[in-house]
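Here is how names work: the chains are called A, B, and so on, in the same order as the sequence lines, proteins then strands, and each is numbered from 1. Please read all numbers here as calculations on a predicted model, not as lab measurements.
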Amino acid sequence: MNNYILDLSNFLNTFASFLESKKFISEINKNQISIDYSSENKLGDLASNFYLIINRKIIDKNFNFEKELNDKINSVPFIDHFIISKNGFINFFLKEDFVNNSLNNIYNNNFLKDINHGNEKKINIEFVSANPTGPLHIAHIRGAVFGDVLSSLYIKMGFRVLREYYVNDAGSQIDKLSNSLFKRYKQLFNINIELAQDEYPGEYLINIAKKIIKIDGDKWLNKKEKETMLYFKKFALDDIISSIKVDLNLINIKFDKYTYETDIEKSKIIDKLFEILDQKKLLYKGVLKKPKGDDSDWEPREQLLFRSSKLLDNEDRALKKSNGEWTYFANDAAYHLYKCNRNFDKLINIWGSDHIGYIPRMISIIKAIKNNEDYLNILTCQIVSILENKKKLKMSKRDGNFITLADVFSKVGNDPIRYYMISTKNETAIDFDLDEVIEKNKDNKVFYCQYAYARASSVINKAKQLNIVIDENYKFNLNIGISSEELRIIKKIICYPYLLYQACNYNEPHRLTIYLEDICSEFHSIWNKGKDNESMRFIDKNNIQGTISKLFWLESFRNVLYDIFSIIGIDSPEQM
RNA sequence: GCGCCCGUAGCUCAGUGGAUAGAGCAACCGCCUUCUAAGCGGUAGGUCAAAUGUUCGAAUCAUUUCGGGCGCGCCA
């Protein structure tokens, strides 16, 4: 009975149907019924707006709401009683036994005993997928952490998750990359050659060129162009992809599968996609509309188009360039067909906000393939600005001047990066202040929460030294040695399974950190009460029973913190 | 011109139909002989960008305006 909030919600829905069938009330919109477990203003343990909603739908004048609810509420085993407040909220109170048992489940790490939300369903989460044309930079970090934490969250909820990275190792950008590298190589032999404006100016290519020289010397200066460019392309890709992996590894991100665009091309799966689209009459040769923005060099040309406007997009989209090559979108669409064919129950993509415009066409492809537009879920991350000395750092692709993942890592380390990248809702733009995050003080929420963990651990360790231990058959009872402040935090602790469920269900891992900060704040507050009032201290040698009660919820609290830290991917320090 | 995201305290952000709009930082005032002061308690700080509408009820939904960000051809 962990997911009691859902149970109560189901009960209220059934109860509403009952009232409707008895003609006490006219029909209501059941989606409006809410259950609030976290409000600071609440008077009970769970609050619902139920009465507010049905109140104006009452058609039977003799209808006595309180009586009817009282008759039915007995079927909900965990509700003790309820009170309807003056303004119409129903405040439900949990049974003590239920709170005791729920805490017992947390104590035993049985967070998901009766939820099993995932039920072994297979999910593919594709994220990062940065082009292998340079090192990962700050814009990629957020999507990387978001995708990784979301994956962990789904795994926690009982799904089987495959983390996948799509490597765009084909196309003209890669040719530009190898050209740029070759020019750098030549420059190192004092050959006077300039990079073109749209080539890659970053210093990393100079380093890669030096590696080639170390291995091969000047042997590529006089080789045939085709052979040379093939070599430089492969060398650049191998080097950059492996350094991307190294960088991801810095913040403990590992992918289960890398899929290469070149392999998608070789597999000819695009022909299959072509067949599907053709069969559904979604392909035609035509001329795209003139764009609305800068159209100075626009020329109408006939090309192969996807009739996405018949589906969910507002324009048709090009699949082939006028020179006959597939567009990037065509390959990406083929890649998505490949994903569709791999028996996942659901696909999730995490994209940067700069790709938002591509969502309708990709969902259109999925709809064409699966006839189900909900099969692929595309989540976007807004940009991250880096602040240093209170100033936004400017990044310019043209100068090859950007803050890399490795830079940020060397300045702040793993925990703050991961914590801050998911503590803000993914659709909100973040200002990431390096100075604030480096300091290990109260400016820094990561340390605030880890400190709570360390403090809790230190009490538990001290209790062990004093030989105060919790017996295997111990039954927690909130009437023994538990203050009202502690009861408050205990009731928040037992909401943890529901929080997990919601964070996963809404794809919002930031809910974890909001909750985390809340319970840590409660904990620190209780801790400090022990300074003023000895009876509030956790360990009291003269009251072993009460001490054990406290240790029991403290262990449960620590379990929850450990679990959240492990999902976020940060350390759980027992000492700080 | 069009699409998407956003506008909440000085700053960074929660809250997205419900009870008196919250937290952290910054400011000010207090708390270490004690299980960790990387902490706690308190004070102050708001026209939820603006207007109109829908609703018993709007920061939340709709329309419009203003402001910011990201996109918008056969690039990837």
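For the pair A:Asn168 CG and B:C75 C1', the computed distance is 12 Å after rounding to whole Å. A:Ile383 has its CD1 atom 7 Å from the C1' atom of B:C70, to the nearest Å. Protein atom CD1 of A:Ile539 is 12 Å distant from nucleotide atom C1' of B:U34, rounded to whole Å. Here the C1' atom of nucleotide B:G39 and the CE atom of A:Met576 are 11 Å apart, to the nearest Å. Taking atom CG on A:Asp313 and atom C1' on B:G71, their separation rounds to 13 Å, with Å as the unit. Counting to the nearest Å, the P atom of B:C2 and the CG atom of A:Asn314 are 13 Å from each other. In this structure, A:Asp433 atom CG and B:G24 atom C1' are separated by 13 Å, rounded to whole Å. In this structure, the CZ atom of A:Arg455 is 7 Å from the P atom of B:C40, given to the nearest Å.
Put simply, the residue from A:Asp239, A:Asp169, A:Asp175 that forms a salt bridge (Lys or Arg N to Asp or Glu O under 4.0 Å) with A:Lys233 is A:Asp175. Of the candidates A:Asn528, A:Leu554, A:Asp518, A:Leu554 is the only one forming a side chain to side chain contact (heavy atoms under 4.5 Å, CB included) with A:Phe523.
On the C1' atoms, B:G53 is 11 Å away from B:A58, given to the nearest whole Å. Taking atom P in both B:U47 and B:C40, the straight-line distance is 28 Å, to the nearest Å.
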Protein-to-nucleotide contact annotation, 5' to 3' order, nucleotides 10-16 of chain B [B base; S sugar-phosphate only; - none; under 4.0 Å, heavy atom]: --SSSSB
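Between the OH atom in A:Tyr338 and the OH atom in A:Tyr166 there is a gap of 11.5 Å [rounded to 0.5 Å].
For A:Lys321, a side-chain nitrogen or oxygen approaches OP1 or OP2 of B:A76 to under 4.0 Å. An OP1 or OP2 oxygen of B:U34 is reached within less than 4.0 angstrom by no side-chain nitrogen or oxygen of A:Trp527. Put simply, A:Tyr328 has no side-chain N or O that comes within less than 4.0 Å of OP1 or OP2 on B:A76. Within the 4.0 Å cut-off from OP1 or OP2 of B:G39, not a single side-chain nitrogen or oxygen of A:Ser525 is found. An OP1 or OP2 oxygen of B:C4 is reached within less than 4.0 angstrom by no side-chain nitrogen or oxygen of A:Thr380. A close approach under 4.0 Å does occur between a side-chain nitrogen or oxygen of A:Tyr448 and OP1 or OP2 of B:C40.
Among the heavy atoms of the strands, none lies under 4.0 Å from A:Thr133.
With sequence neighbours excluded, the residues that form a side-chain contact (heavy atoms from CB on, under 4.5 Å) with A:Ser353 are A:Ile356, A:Gln382, A:Ile383.
Electrostatic pairing of A:Glu199 and A:Lys176 does not count as a salt bridge here, judged by no charged N lying under 4.0 Å from a carboxylate O.
A residue-by-residue look at A:Asn87 and A:Asn323 shows that A:Asn87 has its nearest nucleotide of RNA chain B further toward the 5' end. Mapping A:Gln575 and A:Ala170 onto RNA chain B via the closest heavy atom, the residue that lands nearer the 5' end is A:Gln575.
Heavy atoms only, all atoms of each residue included: A:Tyr200 and A:Ser180 are closest at N-OG, 3.0 Å. Scanning all heavy atoms of the two residues, the minimum distance from A:Gln32 to A:Asn49 falls at O-ND2, 3.0 Å.
Between the side chain of A:Asn528 and the base of B:G41, no donor-acceptor pair of N or O atoms lies under 3.5 Å. Side-chain atoms of A:Tyr358 come within donor-acceptor range of the base of B:C75, with a qualifying N/O pair under 3.5 Å.
No donor-acceptor contact under 3.5 angstrom links the side chains of A:Ser364 and A:Asp313, judged on distance only.
With B:C75, B:C35, B:C5 as the candidates, the nucleotide lying closest to the side chain of A:Gln173 is B:C75.
The glycosidic torsion of B:C40 lies more than 90° away from 0, placing the base in the anti range.
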